[in-house]
Amino acid sequence: MAGYDYDLFVIGGGSGGVRAARVAAALGKRVGIAEEYRFGGTCVIRGCVPKKLYVYASQFPEHFADAAGYGWTVPEASFNWQTLVANKDREISRLEAIYKKNVEGSGGETFHSRAMIVDPHVIHLLGEDRTVTADQILIATGGRPAAHPALPGHEHCIFSNEAFDLKELPKAIMIEGGGYIAVEFANIFHGLGVDTTLVYRGKEILSRFDMDLRRTLHETMEKKGIRILCHAVSESIRKRPDGRLDALLTSGQTLTVDQVMLAIGRIPNTENMGLEGIGLEMTQAGAIKVDEYSRTNIDNIWAIGDVTNRVQLTPVAIHEAMCFVETAFKGNPTAPDHETIATAVFSQPEIGTVGLSEDEAVKRFADVEIYRASFRPMRHTLSGRDEKMLMKLVVDGASRKVLGAHILGPDAGEMAQLLGIPLKAGLTKDDFDRTMAVHPTGAEELVTMYKPTYRVKDGQRVQ
């Protein structure tokens, strides 16, 4: 190692790359990390963090309306988009500085530069026009929104990156896509007073989530006033003389809006990095192929996070970073565990989920018990809001192991994090039943559903 400039050089300053750099540097390794844009990556700069801040902003109209039922008189409210954007910018700049400081405080060296791999031990820093050498290289360059160059008029569309920094809030927006990014932004824009239409090619939004959650959220969003058009995609986007956009759909409809946002998936950032030149193996979609320990086909080059297209979640990238450090520098080969990952969709109401959906469980197990409760949350009783909460447990009828837990309603994401622990531990429905309820809470339903709502045996539903 002494013959190289660095023991580890990380390309990409997002959550996974920064964690690997910081932890390795704290072990006394000579570490360099290059980020061409801003430290913090997608999550901090143009993803989870600003999105959650915008979710909070978009919830206030409902909070103001609900206050009346509790005796509050709230004056007519007004919203300033520019204030929200400016306050968001200030917060992510603070977080960006912390990410960079954490690496440097641990002894690592940071570079604001694009990095290319010249050969398996040589990195060229374009911003500084110099090369450095490293014993181990970690690629953590993440991903970006998938473009749609085949769509006529695609140049008039925006993506999630641009949605955070629009000069002004549109009066009407069309969002194409049915994944969590599309769904979350549909709720955000609607909550901020924008006439919002969600267009999705599939039969129901949020594929791969439990169908009960998908249907209930769809219905709730439409009750709020969000238009959802399934079985449709854009055929063309045309700019009108007044600057607005006409979106022609395959259904024959034409939507006239101020903005069209495409949220049709994400692709890995692997272009123009020299990867093909060194023989690094990639998938057809451009993701870096890795083994169970995040090692590529080149022995000293590794990859973690969205650039590998395994599980595209920030905590997963951080977990993979920690496993990488254990494997590469501690002599403790550790494979990332991608099973039973809790996740949330910050829709309104939000979704929290962990483990198998009902459909997945039925394919794997001969006898599945479903415990399901739908009710109005206590917070809505005085406000009069007609919005239901849904709790669902999916259980293996033979072993009684809880296979999946799914929640739609207030604080669902927080509950999913805690439910991830018993499901990861493999606890049974009997363990849930023995647990005392906390009353009055919505979460108590999780430990008071004693009898299955129905069973699915050999693919057939029975009571």
- Any pair counted as salt bridge (Lys or Arg N to Asp or Glu O under 4.0 Å), so long as it reaches residues 317-327, sequence neighbours left out: R310-E320, E326-K330
- For H231 and Y200, what are the C-alpha separation, side-chain angles and deciding distance, and is it a ring-ring contact (aromatic ring centres under 6.0 Å, His included)? CA-CA 6 Å; H231 299 293; Y200 180 49; 8.7 Å; no
- Flag the pair E91 and R94 as a salt bridge only when some basic side-chain nitrogen lies within less than 4.0 angstrom of an acidic carboxylate oxygen. yes
- Heavy-atom count around Y56 OH within 6.0 Å, excluding the residue itself: above 12? no
- Tell me the salt bridge (Lys or Arg N to Asp or Glu O under 4.0 Å) pairs involving residues 290-303, sequence neighbours left out? R295-D299
- Item | salt bridge (charged side-chain N to carboxylate O under 4.0 Å, His left out) involving R144 - partner list, sequence neighbours excluded | E271
- Item | K171/D195 under salt bridge (Lys or Arg N to Asp or Glu O under 4.0 Å): CA gap, chis, key distance, verdict | CA-CA 6 Å; K171 290 182 174 60; D195 180 11; over 6 Å; no
- Say whether, by atom type as modelled, one donor and one acceptor occur between the side chain of T250 and the main chain of V233 under 3.5 angstrom. yes
- Rounded distance (nearest 0.5 Å) linking atom CG of D337 with atom SG of C323: 8.0 Å
- Where at least one partner belongs to residues 147-166, residue pairs that pass salt bridge (Lys or Arg N to Asp or Glu O under 4.0 Å), sequence neighbours excluded: K88-D165
- Would you say the side-chain atoms of S234 pair up with the backbone N or O of A247, donor to acceptor, closer than 3.5 Å? no
- Query: Quick one: do the T197 and R227 side chains pair a donor with an acceptor below 3.5 Å?
  - Reply: yes
- Query: Are I137 and I11 close enough that some pair of their side-chain heavy atoms sits under 4.5 Å apart?
  - Reply: yes
- Task: Drop me the distance from I123's CD1 to R114's CZ, to the nearest 0.5 angstrom.
- Result: 14.0 Å
- Value rounded to 0.5 Å, distance of CD in E281 from CG in L275: 12.5 Å
- Message: Using a 3.5 Å distance criterion without hydrogens, assess whether the side chain of N187 forms a donor-acceptor pair with backbone atoms of V183.
- Response: yes
- Message: Donor-acceptor check, side chain of S399 to backbone of K401, threshold 3.5 angstrom: yes or no?
- Response: yes
- List for me each residue that meets ring pair (Phe, Tyr, Trp, His ring centres under 6.0 Å) alongside H121, sequence neighbours excluded, and say none if there are none. Y4
- Check whether any side-chain heavy atom of I33 lies under 4.5 Å from a side-chain heavy atom of F39, and answer yes or no. yes
- Item | S207 and R214 side chains, donor-acceptor separation under 3.5 Å | no
- Message: Looking at every heavy atom in both L356 and V394, which two are closest together, and how far apart are they?
- Response: O-CG2, 3.9 Å
- Counting distance only, does the side-chain N/O of D431 pair as donor-acceptor with the main-chain N or O of T428 below 3.5 Å? yes
Can I get a per-line list of side-chain donor-acceptor pairs under 3.5 Å for residues 342-355, giving both atom names and the distance, sequence neighbours left out?
unit_1 : atom_1 : unit_2 : atom_2 : d
S347   : OG     : P349   : O      : 2.6
Q348   : NE2    : S58    : OG     : 2.7
E350   : OE2    : A412   : N      : 3.2
E350   : OE2    : G413   : N      : 2.8
T353   : OG1    : H406   : ND1    : 2.5

- Query: Do D212 and L408 touch side chain to side chain, with heavy atoms closer than 4.5 Å?
  - Reply: no
- Item | Exercise: identify the closest heavy-atom pair between M415 and A443 | SD-CB, 3.5 Å
- Query: Taking C-beta and beyond as the side chain, do V316 and H338 meet within less than 4.5 Å on heavy atoms?
  - Reply: yes
- Note on the structure: K224 meets the salt bridge (charged side-chain N to carboxylate O under 4.0 Å, His left out) criterion, sequence neighbours left out, with E62, E387
- Salt-bridge test for K100 and E104: reply yes if a basic N is under 4.0 Å from a carboxylate O, no otherwise. yes
- Message: Atom CZ of residue position R238 - does it have more than 12 heavy atoms of other residues, nucleotides or ligands inside 6.0 Å?
- Response: no
- Task: For the pair D258 and R244, find out whether any cationic side-chain nitrogen is under 4.0 Å from an anionic carboxylate oxygen.
- Result: yes
- May I ask you to decide if A287's main-chain N or O and N309's side chain share a donor-acceptor pair within less than 3.5 Å? no
- Query: Under 4.5 Å between any side-chain heavy atoms of I407 and L446, yes or no?
  - Reply: yes
- Quick one: ring-ring contact (aromatic ring centres under 6.0 Å, His included) pairs with a partner in residues 255-278, sequence neighbours left out? none
- What is the minimum heavy-atom distance between L198 and G177, and which atoms define it? CD1-O, 3.2 Å
- Output all residues satisfying ring pair (Phe, Tyr, Trp, His ring centres under 6.0 Å) with F60, sequence neighbours left out; order by chain, then residue number. H63, F64
- At what distance, to the nearest 0.5 angstrom, does CG of L427 lie from CD1 of I421? 10.0 Å
- Query: Which ring-ring contact (aromatic ring centres under 6.0 Å, His included) pairs, counting each pair once, include a residue from residues 268-318, with sequence neighbours left out?
  - Reply: W302-F324
- Query: Is the backbone N or O of T327 less than 3.5 Å from a side-chain atom of T334, with the two atoms forming a donor-acceptor pair by type?
  - Reply: no
- Query: Any ion pair linking R30 and D7 (charged N to carboxylate O, less than 4.0 Å)?
  - Reply: yes
- When every non-hydrogen atom of V325 is compared with those of A20, the smallest separation belongs to CG2-O, 4.0 Å
- Tell me, please, which residues at least two apart from E235 pass salt bridge (charged side-chain N to carboxylate O under 4.0 Å, His left out). none
- Find the distance between CD1 (I298) and CG (L280) and round it off to the nearest 0.5 Å. 5.0 Å
- Nearest atoms (heavy-atom pairs only) where G143 meets D306: N-CB, 3.9 Å
- Message: Within a 6.0 Å radius of atom CD on E222, are there more than 12 heavy atoms belonging to other residues, nucleotides or ligands?
- Response: yes
- Shortest non-hydrogen pair, I92 vs I45, comes out as CD1-O, 3.6 Å
- Below 4.0 angstrom, N of the basic side chain to O of the carboxylate: do E184 and K51 qualify? yes
- Task: Using only heavy-atom distances, determine whether the side chains of H218 and E204 contain a donor-acceptor pair under 3.5 Å.
- Result: yes
- Donor-acceptor under 3.5 Å (D411 side chain, E414 main chain): no
- Message: Taking ring-ring contact (aromatic ring centres under 6.0 Å, His included) as the cut-off, I'd like each qualifying pair that reaches into residues 152-199, sequence neighbours left out, listed once.
- Response: Y54-F164, F164-F185
- Verify, without hydrogens or angle tests, whether T441 (side chain) and V438 (backbone) share a donor-acceptor contact under 3.5 angstrom. yes
- Message: When you compare the side chains of E109 and Y6, does any donor N or O come within less than 3.5 Å of an acceptor on the partner?
- Response: yes
- Task: Tell me, with the steps shown, if D210 and K392 meet salt bridge (Lys or Arg N to Asp or Glu O under 4.0 Å).
- Result: CA-CA 9 Å; D210 189 88; K392 184 173 182 178; 2.9 Å; yes
- Query: Distance from D396 atom CG to F365 atom CZ, nearest 0.5 Å?
  - Reply: 5.0 Å
- Verify, without hydrogens or angle tests, whether T270 (side chain) and G286 (backbone) share a donor-acceptor contact under 3.5 angstrom. yes
